[in-house]
Amino acid sequence: MTNKELKKGRRMWTRVPTIVDGNTISGDWTISFSDRPVGRISYAPEAPGQGAWAWSLIGVPDVSGRAWTEEAAMTSIKETAAGPSSEVA
């Protein structure tokens, strides 16, 4: 780790199983940026012709969607959370 990284702190995306009331939710992950939860993804196939991965931002009820792959759901969260700011990218 460089001195610059030490000063700024590591900023990275992580995915951990979602835990509610001490229980792990099967097929559901919390997405964090620099240890701050920003969204959730879950494997939830609904119907043919729809993406099997649901994604949403935490604390923003109107921001969510569906994606065909886990990677696409993660990308949607990253891009949406970043918005016009470069703080989260």
Side-chain angles (χ1 to χ4, degrees):
M1 185 178 296
T2 67
N3 287 338
K4 188 175 183 180
E5 288 176 344
L6 286 171
K7 289 178 183 175
K8 285 184 83 172
R10 289 192 64 119
R11 293 187 171 148
M12 66 178 2
W13 290 94
T14 55
R15 178 191 78 150
V16 296
T18 299
I19 299 173
V20 176
D21 295 329
N23 299 311
T24 301
I25 307 294
S26 178
D28 195 303
W29 292 271
T30 298
I31 310 306
S32 298
F33 179 74
S34 295
D35 297 326
R36 181 176 52 101
V38 294
R40 286 174 66 176
I41 62 173
S42 61
Y43 183 73
E46 287 194 358
Q50 284 191 344
W53 288 88
W55 64 270
S56 62
L57 290 186
I58 293 174
V60 188
D62 295 339
V63 180
S64 63
R66 299 194 72 79
W68 291 108
T69 65
E70 178 183 10
E71 182 178 340
M74 286 282 296
T75 298
S76 294
I77 286 180
K78 289 176 182 180
E79 290 174 355
T80 306
S85 167
S86 62
E87 174 65 21
V88 177

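Throughout, numbering of the chain's residues begins at 1 and tracks the sequence. Not measured: the values here are computed from a predicted model.
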Output the distance between atom CE (Met74) and atom CH2 (Trp13), rounded to the nearest 0.5 Å.
7.0 Å
Run through the side-chain heavy atoms of Ile, Leu, Val, Met, Phe, Trp and Tyr, join any pair under 4.5 Å, and report what else lands in Val20's cluster.
Ile25
What ring pair (Phe, Tyr, Trp, His ring centres under 6.0 Å) pairs are there with at least one residue in residues 58-82, not counting sequence neighbours?
none
When Thr18 is tested against each of Ile31, Thr30, Thr24, Ile41 for side-chain contact (heavy atoms from CB on, under 4.5 Å), which residue passes?
Thr30
Only distances under 3.5 Å count here; give the side-chain donor-acceptor pairs of residues 43-64 to other protein atoms, sequence neighbours excluded, each with its distance to 0.1 Å.
none

